[in-house]
Amino acid sequence: MGYVVLQKSKLNDFIATLSSEQKVMAPVSKGYNNYAFEQVTSGEQVSMDYIPTILPPKKYFMPQQETIVKYDTSEGQKMEAVVEYEKMTVFGVHTCDIAGISCLNMVFSERPRDLNYLTRKNKIGIIGLECNKKCDEHATCGLMQNFTPNGGYDLFFTDLGDYFMVHVNTNLGDDMVARVNIFDKAEGDHHKALEALRAEKQKVFKSEVDIDHDELTDLLKNTQESKVWEERGKECLACGNCTNVCPTCYCFDMVDDINLDLKTGQRTRVWDSCQHESFATVAGHENFREERSDRQRHRFNRKFYYPVSKFNKYFCTGCGRCTRACMAEISMPATLKQLAKEK
Ligand code: SF4
Ligand code: SF4
């Protein structure tokens, strides 16, 4: 493990060699400051300077739709579990999205373990890419302290001018470096340049909302009856964009597709959203969160309050996607600021 160096002029060779062995997904420009993770075969296709993609890389770990079971009842009850996966490497994952994958790992490793998620996770290599500057005003990675690497990747690239400093974090990362075999040894000057960048970033990536990182749970606990939730409820369109784009949202529904023979079919897992009206409806048509205001409060509780007691971790990475994607312009940082005034 440790550090190696990749000259920028060799990035193309790195991506091309990796992609000759397996699928490589990386951020690609879609125009108008939009980016998406897509398959690439050369470094030229990759946007190395990008704001968070429309969907986070969770789409590879937890696809928007996946078949879980196929069944056939024509002779008895035949059920076949389905696990869909493919070997791939996701290149250029920012620290906020690596933090999001770490949250999903915790959720799906709980008993009963989720075989589909965990199988895919074991087949997907992660190569991180450091943000040297803040992406935009919607991100709260300073508040969430996710702007520097904190594990959860195989390799991690930091742009230091003419070269990338590369942290090798796992055996898989070590294998990639050995197989591609175009890396140089990291020397003292490379380490100094990395330290200088990180020190500079500590000055720039400050909390965006003037709230202490450690006080977020108390902030939510103390504002459960706030008028802010009514305001958000009036604004919200209940479209579910905010949860779909969130790297830590994992709620899903199960859908049965029965074929016309009424004997065969499949059960599919699809993303769901706590912002949809029907999400909390149970038998007897009782809905525990009928009001949009209740659902908005629930969304914030699910980021800063509930997961802390269960996983000792916030489930917001500060990526800013929910704010960027909201058609009603509901802003995560602005709402936190408003709550802080009421505390
Ligand atoms: S994206 Fe905005 S409008 Fe849509 S559900 Fe989320 S908060 Fe409501
Ligand atoms: S709640 Fe918003 S800012 Fe936080 S991780 Fe989810 S999408 Fe990103």
Side-chain angles (χ1 to χ4, degrees), residues 34-37 50-59 61-62 93-107 131 134-147 150 152 205 207-209 211 213 216-217 219-220 228-251 271-280 289-308 311 313-339:
N34 288 312
Y35 300 87
F37 277 96
Y50 73 99
I51 67 164
T53 47
I54 301 163
L55 285 178
K58 92 171 169 186
K59 66 182 181 179
F61 296 80
M62 183 194 174
V93 185
H94 283 164
T95 42
C96 55
D97 283 340
I98 296 173
I101 295 164
S102 301
C103 291
L104 297 182
N105 291 346
M106 289 169 121
V107 170
C131 296
K134 280 289 296 275
C135 52
D136 63 18
E137 73 279 16
H138 303 309
T140 52
C141 52
L143 171 69
M144 302 319 298
Q145 300 181 354
N146 275 328
F147 56 89
N150 192 25
F205 286 69
S207 173
E208 296 81 358
V209 292
I211 301 164
H213 173 84
L216 281 163
T217 302
L219 177 70
L220 266 292
V228 169
W229 305 123
E230 275 175 44
E231 277 179 38
R232 289 304 90 89
K234 283 181 190 148
E235 294 157 355
C236 177
L237 306 169
C239 64
N241 277 359
C242 50
T243 56
N244 281 338
V245 300
C246 179
T248 71
C249 280
Y250 55 87
C251 288
W271 290 358
D272 202 352
S273 171
C274 61
Q275 298 307 298
H276 293 160
E277 186 174 356
S278 60
F279 184 83
R289 286 188 293 276
E290 202 165 356
E291 302 299 327
R292 293 178 191 192
S293 52
D294 292 337
R295 304 204 289 273
Q296 279 293 304
R297 179 176 58 195
H298 179 74
R299 179 163 79 91
F300 280 73
N301 283 339
R302 290 282 293 185
K303 301 298 155 197
F304 305 109
Y305 184 176
Y306 303 152
V308 175
F311 298 110
K313 192 172 172 58
Y314 295 129
F315 266 40
C316 175
T317 70
C319 71
R321 283 188 180 87
C322 54
T323 305
R324 280 180 217 106
C326 180
M327 294 184 287
E329 297 185 355
I330 291 175
S331 158
M332 170 69 76
T335 302
L336 290 174
K337 275 183 201 167
Q338 223 180 327
L339 291 172

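In what follows, every heavy atom counts, from backbone to side chain, and hydrogens, waters and symmetry copies are set aside. Note that ligands are numbered from 1 as they come in the structure, with each ligand's atoms numbered from 1 the same way.
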Next item on the list: Keeping waters out of it, list the protein N, O or S atoms under 2.8 Å from atom 6 (Fe) of ligand 2.
Entry: C246 SG
Check: Checking side chain to side chain donor-acceptor pair (under 3.5 Å) for the pair E235/Q296: CA distance, chi angles, key distance, verdict?
Finding: CA-CA 10 Å; E235 294 157 355; Q296 279 293 304; over 6 Å; no
Check: How far is atom 4 (Fe) of ligand 1 from its nearest protein heavy atom, and which residue and atom is that?
Finding: C239 SG, 2.2 Å
Notebook entry, point to check: Going by the atom numbers of ligand 1, which of them fall below 4.0 Å from some non-hydrogen atom of I330?
Noted result: 7 (S)
Notebook entry, point to check: Is there a side-chain contact between T140 and E208, using heavy atoms and a 4.5 Å cut-off?
Noted result: yes
Notebook entry, point to check: To the nearest 0.1 Å, how far is atom 8 (Fe) of ligand 1 from its closest protein heavy atom, and which atom is that?
Noted result: C236 SG, 2.3 Å
Item checked: Distance from atom 7 (S) of ligand 1 to nearest protein heavy atom, with residue and atom -> Q296 NE2, 3.2 Å
Notebook entry, point to check: Would you call the rings of F311 and F315 parallel, tilted or perpendicular if under 30° counts as parallel and over 60° as perpendicular?
Noted result: parallel
Note to self: Residue-level breakdown please: for R292 versus ligand 1, do any non-hydrogen atoms fall below 4.0 Å on the side chain, on the backbone, on both, or on neither?
What the structure shows: neither
Check: How about N34: does its CG atom have over 12 heavy atoms from other parts shown lying under 6.0 Å from it?
Finding: yes
Next item on the list: Say whether, by atom type as modelled, one donor and one acceptor occur between the side chain of Y250 and the main chain of C103 under 3.5 angstrom.
Entry: no
Next item on the list: If you have a sec, work out which protein heavy atom is nearest atom 3 (S) of ligand 2 and how many Å separate them, to one decimal?
Entry: G320 N, 3.2 Å
Note to self: Suppose I only count heavy atoms of Q275 and a 4.0 Å limit; which atoms of ligand 1 are within that range?
What the structure shows: 5 (S)
Margin query: Ignoring hydrogens, what is the shortest heavy-atom contact between A139 and K134? Give both atom names and the distance.
Written below: O-NZ, 3.8 Å
Next item on the list: Please confirm whether the backbone N or O of D294 pairs with a side-chain atom of R289, one donor and one acceptor, at under 3.5 Å?
Entry: no
Next item on the list: Indicate yes or no for a side-chain donor-acceptor contact from W229 to the backbone of H298 under 3.5 Å, with no hydrogens or angles considered.
Entry: no
Notebook entry, point to check: How far is atom 2 (Fe) of ligand 1 from its nearest protein heavy atom, and which residue and atom name does that atom have?
Noted result: C326 SG, 2.3 Å
Next item on the list: Decide yes or no for L55 and V245: does some side-chain heavy atom of the first lie under 4.5 Å from some side-chain heavy atom of the second?
Entry: yes
Notebook entry, point to check: Is a side-chain N or O of K58 found less than 3.5 angstrom from the main chain of C246, in a donor-acceptor match?
Noted result: yes
Notebook entry, point to check: Taking non-hydrogen atoms only, is A238 closer than 4.0 angstrom to ligand 1 via side chain, backbone, both or neither?
Noted result: backbone
